[in-house]
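We number each residue from 1, following the sequence as shown. What you see is a predicted model; the values in this text were computed from it and never measured.
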Amino acid sequence: ATANMRERFAMSSEQMTGYLGRVLLGLAVLLLAGCADIQTARPQFARKDCLDCHKKFADKYLGMKNVHPMVKAQQCETCHLRHGLIPKAVMKKDGNEVCYQCHARDKVGLNRKHVHTALKKGRCTDCHDPHASPASHLLRAEGNEACYRCHQKEEHQGRVVHAASPAKGCLACHSAHSSDEKDLLLKAAVPLCLSCHDAAKPQFKKAHEGYPVEKAASCAGCHSPHSSAQAKLLKTSAHGPAATGQCEACHKAAASPKPFETVDAPDKLCANCHDAADLRAGGKVDHAPFKDGLCSACHAPHASEFPKLALAKGSQLCLTCHDDKGVAVAVTHAPVIGERGCVSCHPPHSAKLKRLLNQEEGPLCFSCHPKTREALQSKVSHSPFAQQECSACHNPHGSNMPHLIADRLDRVCYRCHTDAEAKFLRTYTHRPVAEGSCASCHTPHGGGEPQLLKAADGQLCAQCHGDLMKEAPGGV
């Protein structure tokens, strides 16, 4: 009986195993079927176009006269990366590189010798709107107004304006992107002028006293190319002989084999009319170009837009040689940036004093700073100030320190007080000394106390340490 029970139990175990297997298989089928049902029931999101969200963009640009082809075709991803829910205009490439995907570099002129600054610096969008514009070529303004966004409009609006093609405006003479000629000219300067001005006409020859100016290097020696206050676009300041048609005063005759040669050597030519002694006015120290007869280093021989035929305006002329004086500084000397500029202190040709000063250093500075002169009457005077050597401490052209001090104040003081610099190197140093603020305690020009102190010893300390120096009630 026991054997029969074991046999029956064993059979039941086999059946049980098969049964469980079938159950598990069924559950797996049901689970997979459920997953399939869930997946098919998952909601599907339709892909949106850019303009489905950027409706304001569409309202602003799509109605304009000129729309960028990629915008018109709604192919925003030609230039932009999709951004999803986070609104950020991410470009596919930086700067002009995104434009060069369609606009080949050579076609926009990057292979030319002279390239428009905006294009060269990767800023097509300075001139062009990348999406749409009412102006042609997607310009941010129409015609010359696009140029005036950077170039001063006033320079093109003088009493007499160059009558170049009104339809083309600036583009009558200049290329928008690049050129092999300076100033982005369409061709070399003189041939460009002659494309409108016929040199064979009698009136042209008469105006130029018969000289073959069509063979000259440039017309801009006498004429302003954009506008002028003078007739015939002549520049504002004109050399007398040039203005009155007396070209032979300086040049050989118009009919000579070399009509543009001068009648004398350059270093002697100007002196034929301009007496060097008069220009020197008693000076003993000559400006180097004047001494060497290089008048054209500073003056234009025919005409200029600046007074006295100067090649540049005010101090800018001087900075063409003295460029170290043109470095940007935090504190500028008023005369240097004023209307007269450098000639406020320096005569342009010759002076009686070294460094071409028009007065001795002290009187020159005091002519603008009369109150500072009063310190000369002080009981105790600072030695450089007493000797009126202002440049011992100040930079007369400009400085990054207050009051035109030549350097950090303590460094200026240590130039003379060398013993003090070593003496003050201690573990514990008075804060004004550590910070280089000598003027916290000393007056720089002159005063009534010994050692140029601003006040008597105790009173001086009380200015900062007043609380520590108060008498305590009942104190001794």
Pairs under 3.5 angstrom only: tabulate donor-acceptor contacts from the side chains of residues 65-75 to other protein residues two or more places apart or in another chain.
from, atom 1, to, atom 2, distance (Å)
N66, ND2, A135, O, 2.9
H68, ND1, M70, N, 3.3

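By the 4.5 Å heavy-atom criterion applied to side chains, L192 and E181 are not counted as neighbours. Side-chain contact between R140 and R149 is present, with at least one heavy-atom pair separated by less than 4.5 Å. Considering only heavy atoms from C-beta on, H116 comes within 4.5 Å of L184 through its side chain. R105 has its side chain out of reach of N111: every pair of non-hydrogen atoms, C-beta onward, lies at least 4.5 Å apart. Contact check for S378 versus H445: no side-chain heavy atoms found under the 4.5 Å cut-off. Between Q246 and E209 the shortest side-chain heavy-atom distance does not fall below 4.5 Å. A heavy-atom distance below 4.5 Å is not found between the side chains of H346 and N358. Residues L234 and H223 form a side-chain contact, since some pair of their non-hydrogen atoms from C-beta on lies under 4.5 Å apart.
Distance check: H394 NE2 to I405 CD1 gives 4.5 Å after rounding to the nearest 0.5 Å. Separation of atoms NZ (K55) and SG (C50) is listed at 12.0 Å; rounding is to 0.5 Å. Between atom SG of residue C390 and atom CZ of residue F366 there is a gap of 5.0 Å, rounded to the nearest 0.5 Å. Between the NZ atom of K268 and the SG atom of C295 there is a distance of 13.5 Å, given to the nearest 0.5 Å. Atoms SG and CG, on C321 and L317 in that order, are 8.0 Å from each other to the nearest 0.5 Å. Interatomic distance, CD of E389 versus NE2 of H382, reported as 10.5 Å (0.5 Å rounding).
Judged by distance alone, with hydrogens and angles left aside, the side-chain atoms of S165 form no donor-acceptor pair with the main-chain N or O of A172 at under 3.5 Å. Under a 3.5 Å cut-off, the side chain of D180 and the backbone N or O of K113 do form a donor-acceptor pair. Remark: side-chain polar atoms of H156 are not paired, donor with acceptor, to backbone N or O of H226 under 3.5 angstrom. Between the Q101 side chain and the T78 main chain, a donor and an acceptor come within less than 3.5 Å of each other. Using a distance-only test at 3.5 Å, with no hydrogens or angles considered, a donor-acceptor pair links the side chain of D198 to the main chain of A200. A donor-acceptor contact shorter than 3.5 Å is absent between the side chain of S228 and the backbone of V160. With hydrogens and angles ignored, the 3.5 Å screen pairs no side-chain donor or acceptor of E214 with any backbone N or O of V190. Panel note: side chain S237, backbone E305; no donor-acceptor pair is recorded below 3.5 Å. Side chain of K235 to main chain of L309: no donor-acceptor pair is present (N/O by atom type, distance under 3.5 Å, no hydrogens or angles). Side-chain atoms of S381 never come within 3.5 Å of backbone atoms of G446 as a donor-acceptor pair (strictly under, hydrogens ignored).
Taking all atoms of both residues into account, the shortest heavy-atom contact from H251 to P259 is CB-O, 3.5 Å. The heavy-atom pair separating M64 from P134 by the smallest distance is SD-CD, 3.8 Å. A pairwise comparison of heavy atoms in Q388 and P363 identifies OE1-CD, 3.4 Å as the closest pair. Nearest heavy atoms, D407 versus M401: O-CG, 3.5 Å. Nearest approach of L194 to F204, heavy atoms of both residues: CD2-CZ, 4.4 Å. Scanning both residues, L51 and L62, for their nearest heavy atoms gives CD1-CD1, 3.7 Å.
In this model, a donor atom of one side chain and an acceptor atom of the other lie less than 3.5 Å apart for Y100 and N96. Remark: the S227 side chain and the E155 side chain contain no N/O donor-acceptor pair separated by less than 3.5 Å.
Aromatic ring centres of H83 and H54: separated by under 6.0 Å.
For the pair E97 and K92, the salt-bridge criterion is not met [side-chain N within less than 4.0 Å of a carboxylate O].
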Full working for side chain to side chain contact (heavy atoms under 4.5 Å, CB included) between F306 and L311: CA-CA 7 Å; F306 308 107; L311 292 175; over 6 Å; no
Quick one: do L110 and L119 satisfy side chain to side chain contact (heavy atoms under 4.5 Å, CB included)? Show the steps, please. CA-CA 8 Å; L110 283 175; L119 179 61; 3.9 Å; yes
For a side-chain hydrogen bond (donor to acceptor under 3.5 Å, both in side chains) check, start with the C-alpha distance between Q387 and S383, then their side-chain angles and the critical distance, and finish with the verdict. CA-CA 6 Å; Q387 296 172 28; S383 180; 3.1 Å; yes
Stepwise side-chain hydrogen bond (donor to acceptor under 3.5 Å, both in side chains) check, E142 with S136: CA-CA 7 Å; E142 192 64 83; S136 57; 2.9 Å; yes
Could you give me the CA-CA distance, side-chain angles and deciding distance for L353 and E360, then say whether side chain to side chain contact (heavy atoms under 4.5 Å, CB included) is met? CA-CA 7 Å; L353 304 169; E360 292 287 355; 3.4 Å; yes
Could you check H239 against C250 for side chain to side chain contact (heavy atoms under 4.5 Å, CB included), going step by step and ending with a plain yes or no? CA-CA 11 Å; H239 191 196; C250 300; 4.2 Å; yes
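More than 12 heavy atoms of other residues, nucleotides or ligands lie within 6.0 Å of CG in D278, so this atom counts as buried by the packing criterion. Remark: Q359 CD is packed, more than 12 non-hydrogen atoms of other residues, nucleotides or ligands lying under 6.0 Å away. Within a 6.0 Å sphere centred on CD of E339, other residues, nucleotides and ligands contribute 12 heavy atoms or fewer. K325 NZ: more than 12 foreign heavy atoms inside a 6.0 Å radius. Within 6.0 Å of the CZ atom in R431, the count of heavy atoms belonging to other residues, nucleotides or ligands does not exceed 12.
By the 30° and 60° cut-offs, the orientation of the rings of H80 relative to H131 is parallel.
Partners of E361 according to the side-chain hydrogen bond (donor to acceptor under 3.5 Å, both in side chains) rule, which considers only residues two or more places apart in sequence or in another chain, are R355, S391.
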